Amino acid sequence: MSNIAVIYAGKYGTTEQYARWICEETGGDLLKAEECSAQMLRQYETVVFGGAVHAGRIVGIDRFKKWYPKIAGKKAGIFVVGLNVMEEGQQQELRELNFFKVESSFKMLVRQTAGRQRKLSDAETAISSLPCWFFPGAYDPAKVSGTDKMMMGMVRKMLAGKKVSEQTQAEQKLLAAIDSGADYTDRTLVAALTTWIQL
């Protein structure tokens, strides 16, 4: 058994692929999120969690947030995999949606009107301070069905409704991926994460 746990949560295999590459580079143990527990993770010195982006949410992140207080003191990091995660603005949005408790519009309005900053809980502060890496994913239209297919259709409709001149380069790339499929996975991108693990 290794002293490194690499946990993954995803739907179509891309997050697992990155997790496998990380394990191959570090000798870590590959673990499915749904088969893990905080108790199991206590035996590792380093814990890395990876989740795929699905409708703006990082798959499995809520599970990891429950584990994290119980593995305090471990070296821990997060990686996120998705088609459209390489822009800084998108990365910040994903952090805000997934690392912090959702604040109601009313509470936000009252707080902002009073000129107050949002006070983070200890758990939010701890999770948001963890190192986080973002990796581009893959999309195969033939593998997608049901609700996922419907949601991608809605994204496509929204993007296609904009004039080409108003679309960002990332939006054009995403639109092309939805229509024809794409594989942006790149093993070389895990180097910074694996170096951090081995420090």
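Quick caveat: nothing in here was measured; it's all calculated off a predicted structure. These numbers come from the heavy atoms of this one structure, side chains and all, not from hydrogens, waters or symmetry mates.
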| task | Any chance you could lay out the side chain to side chain contact (heavy atoms under 4.5 Å, CB included) test for Tyr68 and Lys65, step after step, and finish with the verdict? | result | CA-CA 5 Å; Tyr68 188 65; Lys65 288 194 289 191; 5.7 Å; no

For the side chain of [X] and the backbone of [Y], is there at least one donor-acceptor N/O pair under 3.5 Å apart?
| X | Y | result |
| --- | --- | --- |
| Asn98 | Gly56 | yes |
| Lys149 | Lys143 | no |
| Thr15 | Gly50 | no |
| Arg95 | Gln90 | no |
| Thr194 | Ala191 | yes |

How about [X]: does its [atom1] atom have over 12 heavy atoms from other parts shown lying under 6.0 Å from it?
| X | atom1 | result |
| --- | --- | --- |
| Met154 | CE | no |
| Lys162 | NZ | yes |
| Lys173 | NZ | no |
| Glu166 | CD | yes |

| query | Between Ile178 and Leu174, is a side chain to side chain contact (heavy atoms under 4.5 Å, CB included) present by the stated rule, with each step listed? | reply | CA-CA 6 Å; Ile178 292 170; Leu174 180 57; 4.1 Å; yes

| side chain to side chain contact (heavy atoms under 4.5 Å, CB included) between Phe99 and Ile58, worked out | CA-CA 9 Å; Phe99 295 172; Ile58 300 170; 4.2 Å; yes

Would you check if [X] and [Y] make a side-chain contact, meaning some heavy-atom pair closer than 4.5 Å?
| X | Y | value |
| --- | --- | --- |
| Val47 | Trp67 | no |
| Pro131 | Ile78 | no |
| Tyr18 | Phe79 | yes |
| Val81 | Gln17 | no |
| Tyr184 | Phe135 | no |
| Thr26 | Gln198 | yes |
| Val6 | Phe49 | no |
| Asp140 | Tyr12 | no |

Hydrophobic cluster identity match, [X] and [Y], side-chain contacts under 4.5 Å:
| X | Y | answer |
| --- | --- | --- |
| Val190 | Leu30 | no |
| Val85 | Leu130 | yes |
| Phe134 | Val48 | no |
| Leu193 | Val80 | no |
| Phe64 | Leu94 | yes |

Considering all heavy atoms, the nearest [X]-[Y] contact:
| X | Y | answer |
| --- | --- | --- |
| Gly10 | Val59 | N-CG1, 4.2 Å |
| Ala33 | Arg63 | O-NH1, 3.3 Å |
| Ile197 | Lys75 | O-NZ, 3.4 Å |
| Ala5 | Leu41 | CB-CD2, 4.1 Å |
| Gly28 | Ser2 | CA-OG, 3.6 Å |
| Gly60 | Ala9 | CA-CB, 4.1 Å |

| query | Can you list the steps and then say if Glu35 with Met40 is a side chain to side chain contact (heavy atoms under 4.5 Å, CB included)? | reply | CA-CA 9 Å; Glu35 296 173 1; Met40 181 190 299; 5.7 Å; no

Using 4.0 Å as the upper bound for N to carboxylate O, is an ion pair formed by [Y] and [X]?
| X | Y | value |
| --- | --- | --- |
| Lys74 | Glu45 | no |
| Arg20 | Glu16 | yes |
| Arg187 | Glu25 | yes |

Atom pair [atom1] ([X]) and [atom2] ([Y]), whose distance is rounded to the nearest 0.5 Å:
| X | Y | atom1 | atom2 | answer |
| --- | --- | --- | --- | --- |
| Leu175 | Arg156 | CG | CZ | 5.0 Å |
| Thr168 | Leu159 | OG1 | CG | 8.0 Å |
| Asp179 | Met152 | CG | CE | 10.0 Å |
| Met150 | Ser145 | CE | OG | 12.0 Å |

| request: Using side-chain contact (heavy atoms from CB on, under 4.5 Å) as the criterion, point out the one residue from Leu83, Asn84, Asp183, Thr14 that pairs with Tyr139. | output: Leu83

| Cut-off 3.5 Å, side chains only: do Glu88 and Gln92 have a donor facing an acceptor? | no

| Is there a donor-acceptor contact under 3.5 Å linking the side chains of Tyr44 and Asp29? | yes

